[in-house]
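A short worksheet on the structure shown next.
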Amino acid sequence: MLAALVAAGLPGAAALAQGLVPEVQTPGSIGTVPPTPAPPAAAPPASGTPALPGGRRTGQPSRNEPVTFTANEVEYDRDRALVTARGRVEAWQGDRILRADEFTYDRNTGVATVRGNVQVLEADGQVIFADSAVLSNNMRNAVVEGLRALLAQNGRMAAAGARRTDGTIFDLARVTYSSCNLCQDDPLAPPLWQLRARVATWDQTNRQVRYRDARVEFAGIPLLYTPYLQHPDGSAPRQSGFLSPTFGITRYLGGFLELPYYWAIDESQDLKVSPTISTRQVPNLGLEYRRRFNSGELQVAGSLGYNSGTDDGTESRGFVGHIFSRGRFSLDETWRTGFDFNRASSETYLRTWRYDARRVLSSSAFVEGFWGADGYARIDGRAYQGLSTTDDLSVTPYVLPNTYADYVMRDGIGGTFTIDTWNFAIFRDTGTDTRRASTRMTYELPFVEGVTGSAFTFRAQGDLAQYSYDKLNMAPNFVTGVAGSGTATQANIRMALDWRLPLVRSAGDWGSQMIEPRVQIVTGPNTGSQIRVPNEDSLDFEFTDANLFELNRFVGRDRQEGGTRIDAAMRGAWYFPNGGQVEALAGRSFRIAGDGGPFYTGSGLENRESDWVGRLRLSPVPWLTFLGRTRLDADTGERRFIDASATVTRGPTAVSAGYLFATAAPYLNPVRDREEVSLGVTQRIGQNWRVSASGRYDIGIQRPVSVAASAAYEDECFILEGRFVHRYAVDPTTNSEYASSTLLLIRLTLKTVGDFGFRAI
């Protein structure tokens, strides 16, 4: 029995085998081996593995822990110096358990033999099986026949024979490995895939399996040979080593190979180095670094390469690269700080090397504080980089500083009072420079009238802003005749009374129905066009049902809506017992007097009577979801804005469709109407297959926007995925499609071993 214990690497069993075993046969014997003295010096733990007192790794037994065992029968032959245990032998030390039918320990030679259903259960869940084993060298060396192992993450290993050295290194002969489940109807059939090798080494200290003369078989058919292959045994959350390569061919790179290396520096940081070698370009190096601190985290991704240039001159020769970084750190329970720093050589570079191409990169650094749900403050600085070749970098703003703070107070009658301040300074090389100091105070008091059930809400809002500016005649304001410096002051007060009357009735087995009229009266001084006030935060504007009842319907504060108006809407809904609903809303706004003020022509609010806005939501059954928003001309009913999407899901099939129409807006380039349709289909086939296809088409310019298709198979051990994407976006400087507009990706993943990818761009 004790020999079997030592076979599992439990050195405390040696004491029992050397004289603590009774010289009798005792059915059902149970005993405890006292701990042996600690060794003079503990070996250092494996890299990346937490150490416990005594130098051992988590889950490994200590020499100081007692060894407890049971057996149906224990026998000691004094003449031959043999210890024998038979019948349901089981021993445990710490978190490791060993089971066997019989063992024999020869005290003269120090050799132990374990036979019959040998099992070793590790603390991390791994299980080792063997037909028999012969152990020596204080039971740390072993020769094993018929080794089988159930590893982490569903890994399974089998070998005809094995030799263990120093208690942690297994040299395996004629080894097979797979993470696939066996066929329930025919367990002897080969799994979907398996690794076969002439010899292999299983290093339990470094938690790695290394194969020599290995081949990968699919359904028993050899398809791939490699002289050397290594992968983790699955028991460690992460380990250093080479990741699976990606290779392919592109129009710009030619043939290429990407071979990433992952370095688990320690428990709190790691680094991935991804060199890419191609036939047409200088090698490119990508880096990804991550680190977690007790009070925050840091993420940095970047690359460095050399551009050989293009014939048309759109890309010049020289070094290129990018950096995307993010950091967040808590200073204490109230304050935290952070930054985002993102820069790149060009959009073409990011597209070519597939480094998360973006239209605009933003960078910032900030400090912010939180005082429960009532107080908040932030100060930051911001910078932007436009990556399009048509961007004028001289008008790109720098914001430093940008400060914001607010505080919320509640009175004793249910009202909420909020005060805030938002201040910034914006600088441009050739555009408008703006400094603003502003404050806003709001008050909201809801109450319900008890007789009719009417719900009232009183709102009040006051704004005060002071500006100083330079070059107001330049971007983005373009005010004629204001070329120098100046100042401006803007103040506005808005008060409103909002009335709603929700009328609900029962529809019996069909749920309940509701009709809710809503009217809001808003008043305040007329504000005029405000053309001589710098506009930095209110350039983008869209009038929909979402902001119909806002006191100031601009997203920012540089443009203030004034005058007296009435907002009205009718909302109806039907709520079904199954959780579904049908809801619709239609409304518009009426200005009592005055012109359109700061609203541009075509915005829907430039006239005294606004455009109609509406919303329709349909989800009467779980398999149907529809949401649409629209804005219609007040006089003709002509469409001004439509945004609709629908999804139908029936069993394994899902179909989604979308439609977008928007009239030209002066702040968009190019200034034109937008009209697009989209369609997508996803189909699941059985438990493992999934296919999808999608596309988007621009009706206005009569050209596709993008098309995509994918197919994937996934089960417990294998992933096969193919993806195709083509984007029809055109570079305005060359009037041709952007580089890397087409992507073909094929990825094959053997779970627990690695993935292999082919990519064409």
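These numbers were taken from a predicted model, which means no experiment stands behind them.
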Handout entry: Atom pair CG (L147) and CZ (R164), whose distance is rounded to the nearest 0.5 Å
Key = 10.5 Å
Practice task
Over 60° means perpendicular and under 30° means parallel, so classify the ring planes of F324 and H322, tilted if in between.
Solution key: perpendicular
Handout entry: From CA spacing to verdict: side chain to side chain donor-acceptor pair (under 3.5 Å), T113, R115
Key = CA-CA 7 Å; T113 303; R115 299 183 181 88; 4.5 Å; no
Exercise for the section: Classify the angle between the aromatic ring planes of F319 and Y306 as parallel (below 30°), tilted (30 to 60°) or perpendicular (above 60°). Expected result: perpendicular
Problem - Chi angles and distances behind the ring-ring contact (aromatic ring centres under 6.0 Å, His included) call for F218, W193 - result: CA-CA 4 Å; F218 284 85; W193 67 264; 7.5 Å; no
Practice task
Carefully, step by step, assess Y177 and L750 under the rule side chain to side chain contact (heavy atoms under 4.5 Å, CB included).
Solution key: CA-CA 11 Å; Y177 174 85; L750 307 180; over 6 Å; no
Handout entry: Sidechain N-carboxylate O distance under 4.0 Å for E714, R690
Key = no
Problem - Within the 6.0 Å centroid threshold, strictly below: F256 and F247 - result: no
Problem - Interatomic spacing from OG1 in T176 to CG in L195 - rounded to 0.5 Å - result: 9.0 Å
Fill in the blank from the handout: Between the CG atom in D715 and the CG atom in N181, the distance rounded to the nearest 0.5 Å is 8.5 Å
Problem - Residues that D171 engages under salt bridge (charged side-chain N to carboxylate O under 4.0 Å, His left out), provided they are two or more places apart - result: R163
Practice task
Could you tell me whether E288 and R290 have a side-chain N and a carboxylate O separated by less than 4.0 Å?
Solution key: no
Practice task
Count the heavy atoms of every other residue, nucleotide or ligand shown that sit under 6.0 Å from CZ of R80, and state whether that count exceeds 12.
Solution key: no
Problem - Carboxylate-amine/guanidinium contact E297 R326, below 4.0 Å - result: yes
Fill in the blank from the handout: Applying side-chain contact (heavy atoms from CB on, under 4.5 Å) to Q239 and not counting sequence neighbours gives R207, Q208, P232, A236
Problem - Residue pairs involving residues 329-340 (criterion side-chain hydrogen bond (donor to acceptor under 3.5 Å, both in side chains); sequence neighbours excluded) - result: R328-D340, R336-E368
